Amino acid sequence: METPVSFEYAPAPESRSVVSIKPKYGHFIGGKFVSGTKHFPTINPATEEVLSRIALAGKADVDAAVKAARKAYVGTWSKMSGKERGKYLFRIARIMQERSREFAVLETLDNGKPIRESRDVDVPLAAAHFFYHAGWADKLEFAGLGTSTKAHGVAGQIIPWNFPLLMLAWKVAPALAAGNTVVLKPAENTSLTALLFAEVCQQAELPAGVVNIVTGDGTTGALIVNHPGIDKIAFTGSTEVGKIIARAVAPTQKSVTLELGGKAANIIFEDAAIDEAIEGIVNGVFFNQGHVCCAGSRLILQESVADEVVEKLKRRMALIRVGDPMDKNTDLGAINSKEQLLKIRELSAAGDAEGGERWSAPCELPAKGFWFPPTIFTGVTQSHRIAREEIFGPVLSVLTFRTPQEAIDKANNTPFGLSAGIWSEKGSRILWASQQLRAGVIWANTFNKFDPTSPFGGYKESGWGREGGRHGLSAYLKGVGHE
Ligand code: NDP
């Protein structure tokens with residue numbers, strides 16, 4: 001294959017002077033920062049530098065947070081009109097916009113994602129979620145969800161490390177708009193933007209206890225899930241933990257929504273606009289280092305165009321700029337943690353062992369930090385682990401098909417059902433395929449498009465319930481969500 005000409009870019013580093021990271025953080029309970037007892041380090045995955053020390057919440061901290069949330073629900077938030085609640089949400093959204101650079105830099109330092117993505121995707125979308133839900137706060141009776149809408153009470157929310165601020169927004173904005181108060185736990189690797197969000201709550205003069213943030217690991221998450229003072233659980237993360245949570249809440253009155261894993265098929269029919277599709281494939285699996293539950297990690301190619309697509313894809317992948325996430329030219333940043341890197345390596349090694357043919361884009365990886373090059377496996381069959389399991393990294397598995405029905409059968413041959421992509425010039429084929437695919441979100445001639453107005457969620461082991469849009473709102477109202 002001819003190597004494409006690439007030009008050296010001058011470095012364009014974003015300054016980190018806009019953020020001030022404290023050496024140590026506590027929890028945010030009842031409107032105040034309170035100190036923790038035990039702490040653990042949080043690192044920058046691109047450099048392994050220790051950024052700060054994060055508190056590990058135990059039972060007493062979670063109890064205090066739930067108590068503060070209940071007090072705020074009973075005393076203030078449930079008594080406030082939707083119009084007043086909406087004003088706070090608008091205020092939060094505007095402050096997030098005003099402090100967007102600070103959020104973007106902090107997110108990139110703590111998570112390893114490219115600054116271009118945190119600046120242009122994560123932070124604007126997070127603010128958009130607050131704006132969107134602010135608009136609903138005084139119109140719940142008109143959402144088509146019944147006329148006597150009532151909040152659950154206290155919502156316990158547990159989020160992952162791949163989109164720390166955005167997942168917080170997906171959880172907190174609808175909960176507050178619907179009239180719930182919140183106890184939220186960010187992932188242990190990526191707590192910093194949630195703690196900055198706590199400052200935003202103070203700045204917006206949100207009544208004390210409406211939002212409480214406790215940091216910690218899976219044990220803290222389990223304390224929230226099992227707390228008798230919580231009425232609703234909202235979780236995003238692995239299917240494995242989702243199952244533990246489903247089992248824990250089954251004998252209780254708690255309402256639950258679960259956003260879990262995925263193994264999306266991105267199907268390219270022979271009549272697709274191939275160059276457009278290449279961009280969609282790249283965006284589908286290399287956006288956010290592939291740490292995306294709806295990533296298009298299985299490329300399903302019609303045989304007649306398979307060679308052409310793979311060749312063009314390799315040329316395009318060779319142009320992906322991997323490296324310093326704080327550089328504005330970087331396309332692919334650091335893998336979020338050593339554990340995740342080991343998991344990606346392990347599954348890629350299984351791909352080799354099972355007969356897949358690996359190709360990685362030629363690129364120099366930094367010596368420090370956690371890195372994995374953009375990689376594709378061709379010759380993959382449905383029984384390979386890399387075709388079945390969520391890799392959650394910049395690794396694409398390529399399968400082929402002859403007839404449209406074969407494409408659908410292969411796409412649906414997974415325990416997951418979160419998202420899918422279809423590339424074709426024919427509207428009728430797109431409509432036919434989207435009706436056959438068992439996936440909650442289906443993109444046609446595009447991929448990874450997100451909007452607060454659009455419901456997002458999965459079938460099968462990808463979860464229960466929807467987030468975003470009217471459907472997502474219903475999950476935070478009694479009697480209309482997934483009880
Ligand atoms: P987890 O599902 O373990 O983490 C998600 C959140 O749940 C984190 O805040 C975590 O805490 C918390 N948690 C962990 N155990 C429990 C528990 N028993 N009860 C309640 N909360 C709990 O994902 P990982 O970070 O371990 O990632 C593992 C794999 O999961 C990844 O390789 C990827 O394949 C998949 N994943 C999928 C995501 C998705 O959006 N679909 C998102 C993240 C991961 P903490 O991290 O602080 O320990």
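We count ligands from 1, going down the list as the structure has it; atoms in each ligand are counted the same way. Just so we're clear, the structure is a prediction, and the values are computed from it rather than from any experiment.
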Q: Out of E339, K185, E390, who is nearest to atom 35 (C) of ligand 1 when you count heavy atoms only?
A: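 Shortest heavy-atom distance from atom 35 (C) of ligand 1: E390.
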Q: Just heavy atoms, cut-off under 4.0 Å: does T220 contact ligand 1 by side chain, backbone, both, or neither?
A: neither
Q: Ion pair present between K368 and E49, side-chain N to carboxylate O less than 4.0 angstrom?
A: no
Q: What I want to find out is whether R119 reaches E14 closely enough, with some N-O distance under 4.0 Å, to be called a salt bridge.
A: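 E14 and R119: not salt-bridged.
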Q: List the closest protein heavy-atom neighbour of atom 7 (O) of ligand 1: residue, atom name, distance to the nearest 0.1 Å.
A: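 In this structure, atom 7 (O) of ligand 1 has F235 CE1, 3.2 Å as its nearest protein heavy atom.
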Q: Looking at G58, is its backbone amide N or carbonyl O close enough to the side chain of D61 to form a donor-acceptor pair, meaning the two atoms are under 3.5 Å apart?
A: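 Yes, because the side chain of D61 sits within donor-acceptor range (under 3.5 Å) of the backbone of G58.
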Q: Does K71 use its side chain to pair, donor to acceptor, with the backbone of G30 at less than 3.5 Å?
A: no
Q: Could you tell me whether a side-chain N or O of N288 sits under 3.5 Å from a main-chain N or O of F163, the two making a donor and an acceptor?
A: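 Not a single qualifying donor-acceptor pair exists.
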Q: Hey, is ligand 1 close enough to G218 that some N/O pair sits below 3.5 Å?
A: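 Between G218 and ligand 1 (N or O atoms, distance only) the closest approach is under 3.5 Å.
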Q: Between D217 and ligand 1, which residue portion shows a heavy-atom distance shorter than 4.0 Å: side chain, backbone, both, or neither?
A: both
Q: Please check: side-chain N/O of K263 versus main-chain N/O of A387, any donor-acceptor pairing under 3.5 Å?
A: no
Q: Under a 4.0 Å N-O cut-off, is there an ion pair linking E389 with K343?
A: no
Q: With heavy atoms of A222 as the reference, note each atom of ligand 1 found under 4.0 Å away.
A: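 Near A222, meaning under 4.0 Å from one of its heavy atoms, ligand 1 has 19 (N), 20 (C).
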Q: Can you report which non-hydrogen protein atom sits closest to atom 43 (C) of ligand 1, along with the distance?
A: P160 CB, 3.5 Å
Q: Determine whether the side chains of N266 and W423 contain a donor N or O and an acceptor N or O closer than 3.5 Å.
A: yes
Q: Closest by any non-hydrogen atom to atom 45 (P) of ligand 1: pick that one out of E188, M167, H291.
A: E188
Q: Any nitrogen or oxygen of G216 lying under 3.5 Å from a nitrogen or oxygen in ligand 1? Just yes or no.
A: yes
Q: Report, in ascending order of atom number, the atoms of ligand 1 lying under 4.0 Å from any heavy atom of I158.
A: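 Counting atoms of ligand 1 from 1, those under 4.0 Å from I158 are 6 (C), 7 (O), 9 (O), 12 (C), 21 (N).
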Q: Hey, is NE2 on H39 packed in by over 12 heavy atoms from elsewhere, all under 6.0 Å?
A: yes
Q: Say whether K343, considering both its backbone and side-chain N or O atoms, lies within less than 3.5 Å of an N or O atom on ligand 1.
A: yes
Q: What do we get for Q340 next to ligand 1 when only non-hydrogen atoms under 4.0 Å count, side chain, backbone, both or neither?
A: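 Just the side chain.
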Q: Do D63 and H227 meet the criterion of a side-chain donor-acceptor pair at a distance under 3.5 Å?
A: yes
Q: Does an N or O from G221, backbone or side chain, lie closer than 3.5 Å to an N or O of ligand 1?
A: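 N/O-N/O distance below 3.5 Å does not exist for this pair.
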Q: Side chains of T42 and D110 only: does a donor on one sit below 3.5 Å from an acceptor on the other?
A: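 Note: T42 and D110 side chains meet the donor-acceptor criterion.
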Q: Distance to 0.1 Å, residue and atom name: give those for the protein heavy atom nearest to atom 40 (O) of ligand 1.
A: C293 CB, 3.3 Å
Q: Measuring to protein heavy atoms, does anything land under 4.0 Å from atom 11 (O) of ligand 1?
A: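 True for atom 11 (O) of ligand 1.
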Q: Hey, which atoms in ligand 1 end up nearer than 4.0 Å to a heavy atom of G261?
A: 41 (N)
Q: Establish whether atom 21 (N) of ligand 1 and some protein heavy atom are separated by less than 4.0 angstrom.
A: yes
Q: Could you list which atoms of ligand 1 come closer than 4.0 Å to a heavy atom of T236?
A: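 So the answer, numbered in order with elements, is 5 (C), 40 (O).
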Q: Could you tell me if K24 and S35 have a donor-acceptor pair between their side chains, going purely by distance under 3.5 Å?
A: no
Q: Evaluate the side-chain proximity of R116 to D331: yes if any heavy-atom separation is below 4.5 Å, no if none is.
A: yes
Q: Quick one: nearest non-hydrogen protein atom to atom 26 (O) of ligand 1, plus distance?
A: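 Closest protein heavy atom to atom 26 (O) of ligand 1: W161 NE1, 4.9 Å.
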Q: What is the closest protein heavy atom to atom 44 (C) of ligand 1, and at what distance does it sit?
A: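 Of every protein heavy atom, F392 CE2, 3.7 Å lies nearest to atom 44 (C) of ligand 1.
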Q: Among V241, I244, L347, whose heavy atom sits nearest atom 3 (O) of ligand 1?
A: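 Result: the heavy atom closest to atom 3 (O) of ligand 1 is in V241.
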Q: Are any of the N or O atoms of S238 closer than 3.5 Å to those of ligand 1?
A: yes
Q: Just let me know how N162 lines up against ligand 1, side chain, backbone, both or neither, with a heavy-atom cut-off below 4.0 Å.
A: side chain
Q: Using a plain distance cutoff, I'd like to know if I159 has any nitrogen or oxygen under 3.5 Å from a nitrogen or oxygen of ligand 1.
A: yes
Q: What I want to check is whether the side chains of T257 and K232 have a donor and an acceptor closer together than 3.5 Å.
A: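 Note: T257 and K232 side chains meet the donor-acceptor criterion.
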